[in-house]
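First comes the structure, then the notes that go with it.
Protein chains get the first letters and strands the later ones, always in sequence-line order, with residue 1 at the start of each.
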Amino acid sequence: MKSTLTTLKTRFNQALVAAFGAELEGTDPMLVPASNPKFADYQSNVAMSLSKRLGQNPRAIADQIVAHLEVADLCEPPTVAGPGFINLFVQPSYLAAQLRAMQTSDRLGLPQAKHPQKIIVDFSSPNIAKEMHVGHLRSTIIGDSIARVLEFQGHDVLRLNHVGDWGTQFGMLITYLREAYPEALTTANALALGDLTTFYKQAKARFDEDEDFRERSRLEVVALQSGNEDTLKAWSLLCEQSRIAFQEIYDLLDIRITERGESFYNPLLPSVVTDLEAAGLLVEDNGAKVVFLEGFTNKEGNPLPLIVQKSDGGYNYATTDLAAVRYRIQQDHCDRIIYVTDAGQANHFAQVWQVARRAGWVPDHVELVHVPFGVVQGEDGKKFKTRSGDTVRLRDLLDEAIARARADLEARLKEEGRTESEEFIQQVSRVVGLAAVKYADLSQNRTSNYIFSYDKMLALQGNTAPYMLYAYVRVQGISRKGGIDFEHLGADSPLVLEDETELTLAKSLLQFDEILAAVEADLFPNRLCQYLFELSQKFNQFYDRCPVLQAEEPLRTSRLVLADLTARTLKLGLSLLGIPVLERM
RNA sequence: GCUCCAGUAGCUCAGCUGGAUAGAGCAACUGCCUUCUAAGCAGUUGGUCGCAGGUUCGAGUCCUGCCUGGGGCGCCA
């Protein structure tokens, strides 16, 4: 199924060449959905932009384009308005044909990527021996959604969990493990750390209070780096415990991710340094091996170094990230590497990538993308914390959302005199609660900070997950009431688009492809949210104005098709946000 | 000191390569359930787009300076 926008762009290009000659070949027709539906469905702003180049006034240019524009099969006759806007309304018959194509397609007529890429989405990335907390929420949810969109578009996506499973803190943790759980290293499956946060805090407390403990910790770091078997075993026990805890969260959120932690790159670190040296980039500075950066200065105004090997011979996260970039390009053969991390790491990535580029590791076709996001704040605008000032555990946050969704649901059931099974209540609370958390996060432009509010995300009205889930439920309600089998709706029955709300809904349904293309390119899931919210609004307007089951044929079947397409679009769109739908709620 | 991001309605936020009277949601107020779940729909009220210049036929959007908030800045990740 061909996108309307794509078709129109082609026609505009032909008209531009026909009107002004071959030198306008390839000119962007500046075709966008109209700023106001009263004016048009689509508008082209190209006439204004060509004014200077062609030395004519924009209205005259617009008139000439329109004279050469062949769109009679899709649109009403184009009109020129204002300073030179070319306005297009699509025809109901065209809409009907497109909807039909959508109806009979198993992916709603949405195109796959013409050139599928190998793409890594690096997201979530918690630290071993620490619990996932609110700081991991956005990366996990946004990264998953981006991966889902790219997968749906047909790209080969590798979801990578770059967990923090290496570093000096393991000396402390392993030392504490030996001290507090000595049996863990000798007895199989003897370890059950339970609360990892507590374990970490206790280890830290011991480290801070005891000089002898600190010394043993330092020795453990050396033992770990030199591959001491016993120490590695302790390390892997800690990793395994953490994995179990992480997996519970990922299961709850329905997120798939492949672990490839920092330790994976350990064997590659020495060659990072030697390669940089061979490339002539490496400089020794105060005993450390560094690459001086271009465009980054320190407090004195001198070039800032990127340290790739510390003066004690150890490596740091810049080295690991360099090794990762190189590996992902050379071994994974990636075309696009997407890092979903907080905005605070923007400098770090800019620095690492600069060095990788200067080392010649990044071919021109490879795109390195940082997908930054703002911090999660409480309703007071400060960093989101528990009442006692602790970091909010992700598990607690999700449980709280589910509990609140349940309280809402139970209050409603009581109010409406409904009785539902415990299983139903659990299922709905869980889906609504988690959907609310995900949607609230995804629906904001990720670059700004995010004020976390249970009350707002779980609100039963407005731009929230429950609103959209409810729109979907309404369609399923129609199908239940009328005993409708959406799979076998009369494909021969004509689509009738007469009511304003039917037309508006139809147009909205056909714009899904444009939104997906935008998200694929710009990696802003909030645009998908915005679209789904508007689609839901348009459906609710349609639902309010147009009776479906009571309508006469062929209107009845036509409206059923519209309802079904809306539901399928919502289901697919929400699934790309990592949100499942409900049949009833 | 340098640097990155943000500043749009009372609150939370959209605003896509600059384009027509700046949009939602919440909150407030008014209507609409004998009809597919009213978790809905229709409507009213509400904005010097941080400030000041500049570029442009046209600026919330681009440039410069300033103010405010948040982050980052050599051996943590």
What interatomic distance, in whole Å, is found between P of B:rA9 and the corresponding atom of B:rC51? 10 Å
Proximity to the side chain of A:N347 - top-ranked nucleotide from B:rU3, B:rC75, B:rA77: B:rU3
Answer with base, sugar-phosphate or nothing: what part of the nucleic acid does A:G344 contact at a heavy-atom distance below 4.0 Å? sugar-phosphate
Just N and O in the side chain of A:K382: are any of them under 4.0 Å from OP1 or OP2 of B:rG70? no
Can you see if the side chain of A:Q461 gets near the phosphate of B:rC26 - specifically, an N or O under 4.0 Å from OP1 or OP2? no
B:rC33 glycosidic torsion: syn (within 90° of 0) vs anti: syn
Donor-acceptor contact present, side-chain A:S242 to main-chain A:A129, <3.5 Å: yes
Scan every strand shown for a Watson-Crick or G-U wobble partner of B:rG69, both distances under 3.5 Å, and answer none if you come up empty. B:rC5
Nucleotides 31-36 of chain B: which of its N/O atoms have a protein N/O under 3.5 Å away?
unit_1, atom_1, unit_2, atom_2, d
B:rU35, O2', A:Q550, NE2, 2.6
B:rC36, O2', A:I478, N, 3.3
B:rC36, O2, A:L549, N, 3.4
B:rC36, N3, A:V548, N, 3.3
B:rC36, N4, A:Y543, O, 2.6
B:rC36, N4, A:C546, O, 3.0

Under a 3.5 Å cut-off for both contacts, is B:rU61 paired Watson-Crick or G-U wobble with anything, and if yes, with which nucleotide? none
Hey, mind stepping through A:F39 and A:F85 against ring-ring contact (aromatic ring centres under 6.0 Å, His included) and telling me if it holds? CA-CA 10 Å; A:F39 297 138; A:F85 299 107; 7.7 Å; no
How would you list, by chain and number, every residue that makes a side chain to side chain donor-acceptor pair (under 3.5 Å) with A:Q153, sequence neighbours excluded? A:E520
Just by distance, do the side chain of A:S139 and the backbone of A:H136 share a donor-acceptor pair under 3.5 Å? no
Going by an N to O cut-off under 4.0 Å, is there a salt bridge joining A:E410 and A:K414? no
Mind checking who B:rA27 pairs with, Watson-Crick or G-U wobble, both distances under 3.5 Å? none
My understanding is that a pair needs two contacts under 3.5 Å, Watson-Crick or G-U wobble. By that rule, which nucleotide pairs with B:rC16? none
Using atom types as modelled and distance alone, determine if a side-chain donor or acceptor of A:Q444 lies under 3.5 Å from a backbone N or O of A:A440. no
Complementary nucleotide of B:rA22, counting Watson-Crick and G-U pairs under 3.5 Å: none
Taking a pair as Watson-Crick or G-U wobble with both distances under 3.5 Å, which nucleotide is matched to B:rU48? none
Protein heavy-atom contacts under 4.0 Å, written 5' to 3' over nucleotides 12-23 of chain B as B (base), S (sugar-phosphate only) or - (none), form the string SSSSBB-BBB--
Taking A:R446 for the side chain and A:R138 for the main chain, is one N or O donor matched with an acceptor at less than 3.5 Å? no
Any strand: nucleotide that pairs with B:rA38 via Watson-Crick or wobble, under 3.5 Å: none
